[in-house]
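All remarks here apply to the structure that follows.
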Protein chains: 2
Amino acid sequence: MRVLGVDPGLTRCGIGIVDGGAGQAPRMVAAGVVRTPADADIALRLLQVAEEVEALMDRYRPDTVAVERVFSQHNVRTVMGTAQAAGVVALAAARRTIPVAWHTPSEVKAAVSGNGDADKAQVATMITRLLRLSAPPKPVDATDALALALCHLWRSPLQNKLAEQTRLARGIRMVAR
Amino acid sequence: MRVLGVDPGLTRCGIGIVDGGAGQAPRMVAAGVVRTPADADIALRLLQVAEEVEALMDRYRPDTVAVERVFSQHNVRTVMGTAQAAGVVALAAARRTIPVAWHTPSEVKAAVSGNGDADKAQVATMITRLLRLSAPPKPVDATDALALALCHLWRSPLQNKLAEQTRLARGIRMVAR
């Protein structure tokens, strides 16, 4: 079971890919961040995010994409960019028939640290431990995305079962060709 | 000069295509609405919006796409869906090298009615007059999208000049092949 976590954003879009499953220690497969220039055209920034995320989906072939569900933030302008980036990521997954799951920041923090109000440092410490890394994840912008992927692995055993069956069914179809 | 206006949304995404230019009466080319079921998976709803909007872009080949810029609304859930839909529309345009322009609802209302606080009925009346239609636009969900397209034609003569030059340059490149 492979989950690609996405902490969406236009200025920084964090990506974290984790393998895991029942009775299996989770393993970090990749971590990265897509950055786009704040002064660039919004449509071109979305295109850059889409192309880089699509390349990662095609390279790592996740079973599920887990995206942060943002309800509100202080800066409305940032929220709109975040939602637009989340939209193009979800679209890229849908085009590849990869299911998309949404988790709120507090669900993610609670899943990895036991505390829905954990701060950035606590989340980074827990991710380092849980993925048995020798140092906090790099780039640091990928931390929340890795936390999202872990959260999804632990919170959604039923969804994961379905995603796995879908993947197996796809495999069977491909063989049958 | 052809503008495809988009009033973004997941439940209803309004589309209005208008031709116009300096010293030319604007003409409605097409109007429509993409609807997706409120209970469907968000990623699949975004995929449906993207596919239908892309088909319209490929069929009508607009010079510019004008999208409503939403800053805030009362319902945060609706805002996120609206922003996600706007994101996939902007992405579709960027993939086709069609420039994307953003206008706020009050800019649009002011452009078509002279009043940034005009209500829906006033906007519909003005659109009917300005496009010399025999009845208010159908589907009614396309009204704001047509207003966006008109607003863009009138507010952005310089942007339009650039878009036209880009289109001509693309045409020349295509001929040179």
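These values consider heavy atoms only, across backbone and side chains, with no hydrogens, waters or symmetry-generated copies. Quick note on labels: first sequence line is chain A, next is B, and so on, each numbered from 1. All of these numbers come straight from a predicted model, not from anything done at the bench.
Of the listed residues (Val89(B), Leu47(B), Asp41(B), Leu44(B)), the greatest number of heavy-atom pairs within a distance under 4.5 Å of chain A belongs to Leu47(B). Chain B forms the most heavy-atom pairs under 4.5 Å with one residue out of Ala90(A), Ala43(A), Ala83(A), Ala94(A), and that residue is Ala83(A).
The local environment of CZ in Arg12(A) is sparse, with at most 12 non-hydrogen atoms from other residues, nucleotides or ligands closer than 6.0 Å.
In this structure, the separation between CD on Gln84(A) and CE on Met80(B) is 10.0 Å, given to the nearest 0.5 Å.
Criterion: ILVMFWY side-chain heavy atoms under 4.5 Å apart, direct or through other members. Under it, Val33(A) and Val3(A) are not part of a common hydrophobic cluster. By the criterion of side-chain heavy atoms lying less than 4.5 angstrom apart, applied directly or through intervening Ile, Leu, Val, Met, Phe, Trp or Tyr residues, Val123(A) is not grouped with Val108(A); the two fall into different hydrophobic clusters. Following chains of ILVMFWY side-chain contacts shorter than 4.5 Å, one can reach Ile42(A) starting from Leu4(B), so the two form part of one hydrophobic cluster.
Of all heavy-atom pairs between Leu46(B) and Leu91(A), the closest is O-CD1, 3.9 Å.
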